[in-house]
Amino acid sequence: MKKVTTLVAGLAVGILALTGCGKEGAPGEQGSGGEAPEYKVAEGVDLADSPTWKKAKDAGKIKVGVKYDQPGLGNISAGADKPEGFDIEIAKMVSASLGFKADEIEFVETVSANREPFLQQGNVDMIVATYTINDKRKEVVDFAGPYYVAGQDLLVKADSDIDGPDSLAGKKVCSVDGSTPAQNIQEKYKDAELVTYDAYSKCVTDLQSGNVDAVTTDDAILRGYAAQYKDEFKVVGKPFTEEPYGIGLPKDDKALRDAVNDALEASKDSGDWKKAFEYTLGDSSGVEQPQPDRY
Ligand code: GLU
């Protein structure tokens, strides 16, 4: 199993960002674009019963863990200095309803494997990072949501005949340490040769060089890469799991969890969820817009 450290992956992403290597497009290319949504910052919020909220309020900023290399969801594209994507919009929207302005959010890069430790150690106050809600994770962290449901899928070369997880026998498939898709391959598709890194961008580089035959993770993430490498890659398009995305929170901070759930509920009625989706994942995903009510 190949591994790279966070630092190396971080550098690789940094270099990609600097050179724009192999990537096309500009910040905001993913969705229908238009004006960046603005979320009303709630006034007079007082979550005295939430230790996490109180600590953030005292510090004058809320720390949110997000991905930096997942176009459309959480990504820093070439030439940009801030992350953007659907998860970033959800983070801004929820932070606003907790009383934090956009410039009071500190984004912190997380990779799949360090999300639970980051919440447990207090490095971040919440995580919005394509984070599947499941029982194992719920033993150590809490979740609000879900706010979106993705499904595990495969990214392959445009001319590949891989058409689902059952055709992975004897093939090299890349995913990320600490992710549900890697675990699923390990448990259910034992004939596939799993290669793991700490971040998906490294898998994509391996797919391009022919080092692996497929990349597996959530369809929403893979569509972002497919859009960047238009004629080179395709998403198989037959999701074989359900991945409900939640907002990761420190365990047992019920006041915060309730407030974040309320914020997500309210965003469906106010139209903010829809605006966030259209501005980011939106029509570039090639799939119909899901109804927020489903979540
Ligand atoms: N949603 C899956 C997970 O939480 C895969 C995406 C990711 O690694 O962030 O593990």
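Everything quoted here is computed from the prediction, not taken from an experiment. One is the number of the first residue; the rest follow in order along the sequence. All values below were derived from every heavy atom in this structure, side-chain atoms included, with hydrogens, water molecules and symmetry-related copies excluded. Just follow the structure's listing: the first ligand is 1, and inside any ligand the first atom is 1.
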field: Glu243-Gln152 side chain donor-acceptor pair, cut-off 3.5 Å
entry: no
- prompt: Are Thr110 and Asn114 close enough that a side-chain donor and a side-chain acceptor fall under 3.5 Å?
  reply: no
query: Is any side-chain N of the basic residue among Asp272 and Lys275 closer than 4.0 Å to the acidic one's carboxylate O?
result: yes
message: I need the contact type for Val176 against ligand 1. Using non-hydrogen atoms and a strict under-4.0 Å cut-off, is it side chain, backbone, both or neither?
response: neither
- line: Atoms of ligand 1 under 4.0 Å from any heavy atom of Tyr131, numbered from 1 in the order shown, are 4 (O)
- prompt: In terms of atom number and element, which parts of ligand 1 are under 4.0 angstrom from non-hydrogen atoms of Ile221?
  reply: 6 (C)
- prompt: What about the rings of Phe86 and Phe277, do their centers lie closer together than 6.0 Å?
  reply: yes
message: At less than 4.0 angstrom from any non-hydrogen atom of Thr130, what atoms of ligand 1 do you find?
response: 1 (N), 2 (C), 3 (C), 4 (O), 6 (C), 7 (C), 9 (O)
task: Pick one of side chain, backbone, both or neither for how Gln152 approaches ligand 1, counting any non-hydrogen atom pair under 4.0 Å.
output: neither
message: Under a 4.0 angstrom heavy-atom cut-off, which atoms of ligand 1 come close to Ser179?
response: 8 (O), 10 (O)
- prompt: Using the ring of each side chain (for Trp, its six-membered ring), is Tyr148 parallel, tilted or perpendicular to Tyr245, with breaks at 30° and 60°?
  reply: tilted
- request: Compare Ala199, Ser112, Ala220, Gly248 and give the one whose heavy atom is closest to atom 8 (O) of ligand 1.
  value: Ser112
message: Does ligand 1 come near enough to Tyr245 that some N or O of the ligand is less than 3.5 Å from an N or O of the residue?
response: no
field: Hydrophobic cluster identity match, Leu73 and Ile76, side-chain contacts under 4.5 Å
entry: yes
task: Ignoring angles and geometry beyond distance, decide whether Thr132 reaches within less than 3.5 Å of ligand 1 through its nitrogen or oxygen atoms.
output: yes
- line: ligand 1 atoms nearer than 4.0 angstrom to some heavy atom of Thr217 are 5 (C), 6 (C)
message: Between ligand 1 and Lys67, is the shortest N or O to N or O distance under 3.5 Å?
response: yes
message: Determine whether a donor-acceptor pair (N or O, by modelled atom type, separation under 3.5 Å) exists between the side chain of Ser95 and the backbone of Lys92.
response: no
query: What part of Ala150 sits under 4.0 Å from ligand 1 if we count only heavy atoms: the side chain, the backbone, both or neither?
result: neither
- line: ligand 1 to Arg115, heavy atom cutoff 4.0 Å, flagged ligand atoms 3 (C), 4 (O), 7 (C), 8 (O), 9 (O), 10 (O)
query: For Ala144 and Val260, which heavy atoms make the closest approach, and how far apart are they?
result: CB-CG1, 3.5 Å
Backbone or side-chain N or O of Arg137 under 3.5 Å from ligand 1 N or O: yes
field: Electrostatic pair Asp87:Lys67 at N-O distance under 4.0 angstrom
entry: no
task: Decide whether Thr280 and Glu84 meet the rule of one side-chain donor and one side-chain acceptor closer than 3.5 Å.
output: no
message: Regarding ligand 1, does Gln70 bring an N or O atom to under 3.5 Å of one of the ligand's N or O atoms?
response: no
- prompt: When the ring centroid of Tyr200 is compared with that of Tyr225, is the distance short of 6.0 Å?
  reply: no
- line: Near Ala129 (heavy-atom distance under 4.0 Å), the atoms of ligand 1 are 9 (O)
query: For ligand 1, which part of Asp218 has a heavy atom less than 4.0 Å away: the side chain, the backbone, both, or neither?
result: side chain
